[in-house]
Amino acid sequence: MKRERPLFEQIYELVRQIPSGKVSTYGRIAQILGTCSAQMVGFALAALPEETDVPWQRVINRFGKISPHGHGFGTVIQKTLLEEEGIRFDLSETVDLSVFGWF
DNA sequence: CGGCTGACTCTGG
DNA sequence: TCCAGAGCCAGCC
């Protein structure tokens, strides 16, 4: 049976494929899927519950920085989770995509 | 079907 | 890398 899964789940599966210690960008995900825009990727991750098997924290914007998605708390958690994975941040919460960037 | 929204990205300054 | 404006497209009401 064909499962016309929403675009969201397609994004989730792709994010799950990101290895530990690596990060990706919204634009990258959107480009790989080729059927959505970067904003949809962020929108999809925003809809994720706190308990999920999707490493949404490994997805950041094109500058390698975490987006201030409103509340502000999640942003801090995201940075902490990435550091636990071994990712280094700049003095300005910036990640070196040349080193930690997926692909 | 149409309008609104969003954790983005690009271009120009 | 910052500010402002425009484009982007699926999901929801």
Side-chain angles (χ1 to χ4, degrees):
Chain A
M1 38 289 243
K2 63 169 174 210
R3 282 281 200 154
E4 257 307 300
R5 286 173 297 174
L7 202 98
F8 285 28
E9 296 217 7
Q10 302 235 11
I11 295 171
Y12 301 153
E13 283 196 58
L14 192 54
V15 175
R16 283 194 195 110
Q17 294 174 59
I18 302 178
S20 178
K22 295 280 185 177
V23 294
S24 189
T25 66
Y26 300 98
R28 192 73 58 160
I29 305 291
Q31 198 161 43
I32 293 172
L33 293 178
T35 58
C36 67
S37 57
Q39 247 179 341
M40 287 308 336
V41 179
F43 199 37
L45 297 180
L48 279 170
E50 293 185 46
E51 294 184 295
T52 176
D53 46 345
V54 180
W56 56 272
Q57 63 273 25
R58 292 180 193 149
V59 186
I60 49 189
N61 66 20
R62 78 176 195 280
F63 289 117
K65 286 183 58 175
I66 304 173
S67 300
H69 50 91
H71 299 124
F73 274 102
T75 313
V76 180
I77 300 298
Q78 186 169 14
K79 176 175 175 288
T80 305
L81 289 171
L82 290 173
E83 288 189 305
E84 292 290 297
E85 304 238 330
I87 295 175
R88 302 299 179 177
F89 280 82
D90 197 300
L91 300 178
S92 200
E93 302 178 292
T94 310
V95 181
D96 189 344
L97 291 174
S98 306
V99 180
F100 302 106
W102 194 34
F103 288 111

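The chains referred to below are lettered A, B, ... by the order of the sequence lines, with proteins before strands, and numbering in each begins at 1.
- For the segment residues 19-40 of chain A, the set of residues with a heavy atom within less than 4.0 Å of an atom of DNA chain C comprises A:T35, A:S37, A:Q39, A:M40, in numerical order.
- Listed pair A:K65 / C:dC2 meets the phosphate criterion, a side-chain N or O lying under 4.0 Å from OP1 or OP2.
- Residues A:S67 and A:T75 approach most closely at O-OG1, 3.7 Å, considering heavy atoms.
- Shown here is A:R16, whose CZ atom has more than 12 heavy atoms of other residues, nucleotides or ligands within 6.0 Å.
- Counting non-hydrogen atoms of other residues, nucleotides and ligands closer than 6.0 Å to CD of A:E93 gives a total of 12 or fewer.
- Nearer the 5' end of DNA chain B, as judged by each residue's closest nucleotide, is the contact made by A:F43, out of A:F43 and A:F63.
- Distances were taken from every side-chain heavy atom of A:R62 (C-beta onward) to each of B:dA7, C:dT1, B:dT11; the shortest belongs to B:dT11.
- For the atom pair CG of A:L33 and CZ of A:R28, the computed distance is 13.0 Å after rounding to the nearest 0.5 Å.
- To the nearest angstrom, C1' of C:dC8 lies 13 Å from CD1 of A:I11.
- Note on A:L45: a base of the nucleic acid sits closer than 4.0 angstrom, heavy atoms only.
- Here C:dC12 presents its P atom at 7 Å from CZ of A:F8, a figure rounded to the nearest Å.
- Atom CD1 in A:I66 sits roughly 12 Å away from atom P in B:dC8 (whole-Å rounding).
- Surrounding CD of A:E83 are more than 12 heavy atoms belonging to other residues, nucleotides or ligands, all under 6.0 Å away.
- Partner assigned to C:dC8 is none, using Watson-Crick or G-U wobble distances below 3.5 angstrom.
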